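Working notes for the structure below.
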There are 2 protein chains.
Amino acid sequence: MPGPTVPEGYDKHAHEPFAVTADLAVLTIRDGVLHVLLVERGQEPYKGHWALPGGFVQPDESAETAARRELAEETGLSDVSGLHLEQLRTYSEPDRDPRMRVVTVAFTALLPHPPEPHGGSDAAQARWVPYDKAGPLAFDHDRILADAHDRVGGKLEYSSLATAFCPPEFTLGELQHVYEVVWGTVLDRPNFRRKVLATPGFVEPVPGAARLTGGRGKPAALYRAGTATTLHPPLLRPIPEGRPA
Amino acid sequence: MPGPTVPEGYDKHAHEPFAVTADLAVLTIRDGVLHVLLVERGQEPYKGHWALPGGFVQPDESAETAARRELAEETGLSDVSGLHLEQLRTYSEPDRDPRMRVVTVAFTALLPHPPEPHGGSDAAQARWVPYDKAGPLAFDHDRILADAHDRVGGKLEYSSLATAFCPPEFTLGELQHVYEVVWGTVLDRPNFRRKVLATPGFVEPVPGAARLTGGRGKPAALYRAGTATTLHPPLLRPIPEGRPA
DNA sequence: CCTTTTATGGTCAGCACGACTATTAGTCAT
DNA sequence: ATGACTAATAGTCGTGCTGACCATAAAAGG
């Protein structure tokens, strides 16, 4: 395999030092509130500021691989293979890092059950922070986080993404809670139920008359994520339109 | 501004030579068929193969800026400021370029009226190729192109993206044609009309009783793109579901 | 003048959806 | 126990969107 010398046909400008990182917007629901995983930076720049977890892509990694590796490191989870990880977009403004040229590929990760506050391996410290209170972050991470929230909120409409926030077996109430928390709305429970059950492949009941205990009220039937990835018809969020400008 | 030396807090691995490129999936409709802009590679690797247009991101550019610059160069258009350009995703597999580590940020561009076959400035030659006949492309460009098509097809449902394929003033028949060509389906004309006109902000009529000539049949009223970017409710494509696997 | 073509207008049944009420089945406090 | 409370589930009903049609208007071409 040829080394990193410049082959003919490539402009030499290509070898300006581009560093490539993978940053993660890890979202979960804790205590009924949307939370995001943040780390406190221990180095300049933005030392002491909170930031999205992430790190450099290694020479033998894809950005996806790097993101999953970072996710495992930061969350301390042993098995991140089943977690939902999705590329968000790439941020490449020349001045987004004051020190050098860093292009970051941002990812969105969704976790069902929040692993305890944990301490990342290399990161200074990592914490779950309510999405609303995720104050000014380092670099352009505020925008990345906002983009991630937008993307997730939109994908809830036409994909079965909401199940990624839920454990393997969940109740329809838990599923509805995901929509309400991410969208910041309140949904009608019977109507939500009717819609979900009428969407083929969204969820499938757990046959063994399984029921969930623990809370008050009538026990709820358990469901598993179905085989469908896209929802037809979509589950539209209430009245988000009306801003034609 | 500090030079490209490694500041403390950055892992030295960050400085493995990552080249960053911006590649474009430029789509348009010619003669009622979806076309994509391809260039023939004049250099190894993949010399003689067709590929998506693109090029290296310069040190002072964002990927978006580089993409728009490349778009102007490849299409020969003087004004690309009004064209729809959207980041698709980033492809970073370590072996996607046999020579060196190249991370590419892919973009999708939509053109209303196809500029003539043109000859790009630096590229060997550029041609409009029907989407169906865009044979095996260089690198992983087949997948990029397929991803672009998927993305565009999906965004037609819930955004006013279709107007980006149309000239500033267009008929509802032309707009419908965009949907039919991208989706590969046939739509009912009266129903399409009713739906589009009922969606606030999608299109607005050109007041000056303007009408289009040139073809057979009754002249059609002209419309402009409205102010809305997202469609509520969405314009769902017929029967694309049913594949729960 | 008649056919062809395309745009536009309208009808009608089915059903999806929102709003709402009712019932069931648990926990908890007294 | 017993009643209050909570949450899940079931059902109803009217509005409005949708798909499948049919009909008419306005041009071009023979």
Side-chain angles (χ1 to χ4, degrees), chain A residues 31-32 156-158 166 169-181 183 185-206 209-224 231-242, chain B residues 31-32 156-158 166 169-181 183 185-206 209-224 231-242:
Chain A
D31 308 322
L156 287 189
E157 292 192 330
Y158 56 92
C166 297
E169 297 187 344
F170 51 88
T171 69
L172 293 186
E174 292 171 339
L175 187 66
Q176 178 179 347
H177 204 82
V178 172
Y179 280 89
E180 293 179 334
V181 165
W183 285 349
T185 59
V186 177
L187 303 176
D188 181 82
R189 203 180 294 262
N191 290 341
F192 179 83
R193 172 189 193 78
R194 187 214 303 157
K195 191 79 167 67
V196 168
L197 295 180
T199 302
F202 194 1
V203 298
E204 51 189 26
V206 175
R211 289 175 179 274
L212 182 68
T213 67
R216 286 186 284 275
K218 180 177 179 178
L222 289 178
Y223 293 85
R224 267 194 288 264
L231 305 182
H232 286 275
L235 217 155
L236 300 178
R237 81 184 95 184
I239 6 168
E241 89 293 345
Chain B
D31 310 321
L156 287 189
E157 291 192 331
Y158 57 94
C166 297
E169 296 187 344
F170 52 88
T171 68
L172 292 186
E174 292 170 339
L175 187 66
Q176 179 178 347
H177 204 82
V178 172
Y179 281 89
E180 293 179 332
V181 166
W183 284 351
T185 60
V186 176
L187 303 175
D188 181 82
R189 202 181 296 262
N191 290 342
F192 179 84
R193 172 189 195 78
R194 187 215 304 159
K195 193 79 168 65
V196 169
L197 295 180
T199 303
F202 194 3
V203 299
E204 50 189 27
V206 175
R211 291 175 177 274
L212 182 68
T213 67
R216 286 188 285 275
K218 179 176 177 177
L222 288 178
Y223 293 84
R224 267 194 288 264
L231 304 183
H232 285 275
L235 217 155
L236 299 178
R237 81 183 95 183
I239 7 170
E241 89 293 343

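Residue numbering restarts at 1 for every chain, and letters A, B, ... go by the order of the sequence lines. Please read these numbers as outputs of a predicted model, since none were measured by experiment.
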Pairing residues for A:Y223 by the ring-ring contact (aromatic ring centres under 6.0 Å, His included) criterion, not counting sequence neighbours: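 Residues passing ring-ring contact (aromatic ring centres under 6.0 Å, His included) with A:Y223: none at all.
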
A:A220 side-chain proximity, nearest of D:dT9, C:dC28, C:dA25: D:dT9

Given side chains that start at C-beta, do those of [X] and [Y] come closer than 4.5 Å, heavy atoms only?
X: B:L235; Y: B:F192; answer: yes
X: B:L222; Y: B:P205; answer: no
X: A:E157; Y: A:Y179; answer: no
X: B:F170; Y: B:V203; answer: yes

Euclidean distance, atom [atom1] of residue [X] to atom [atom2] of [N] [Å, nearest integer]:
X: A:R216; N: C:dT27; atom1: CZ; atom2: P; result: 12 Å
X: B:L172; N: C:dT6; atom1: CG; atom2: C1'; result: 12 Å
X: B:H232; N: D:dT18; atom1: NE2; atom2: C1'; result: 19 Å
X: A:E174; N: D:dA7; atom1: CD; atom2: P; result: 13 Å
X: B:R189; N: D:dA20; atom1: CZ; atom2: P; result: 16 Å
X: B:L236; N: C:dA16; atom1: CG; atom2: C1'; result: 12 Å
X: B:F192; N: D:dC17; atom1: CZ; atom2: C1'; result: 16 Å
X: A:H177; N: D:dA8; atom1: NE2; atom2: C1'; result: 16 Å

First of A:Y223 and B:P233 reached from the 5' end of DNA chain D, by closest nucleotide: A:Y223

Pairs of donor and acceptor atoms involving the side chains of residues 193-202 of chain A, under 3.5 Å and at least two apart or interchain, shall be tabulated with distances.
unit_1 : atom_1 : unit_2 : atom_2 : d
A:R194 : NH2    : A:N191 : OD1    : 3.0
A:K195 : NZ     : A:P234 : O      : 3.1
A:T199 : OG1    : A:K195 : O      : 2.9

Residue-phosphate contact under 4.0 Å: A:K195 side-chain N/O, C:dA16 OP1/OP2: no

Closest-nucleotide 5' rank along DNA chain C - winner of A:G217 and A:A198: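 Result of the comparison: A:A198.
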
For A:E180, side-chain contact (heavy atoms from CB on, under 4.5 Å) partners two or more places apart: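 Here the qualifying residues are A:Q176, A:H177, A:V186, A:L187.
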
Under 4.0 Å protein heavy-atom contact, by nucleotide of nucleotides 10-16 of chain D - B base, S sugar-phosphate only: BBB----

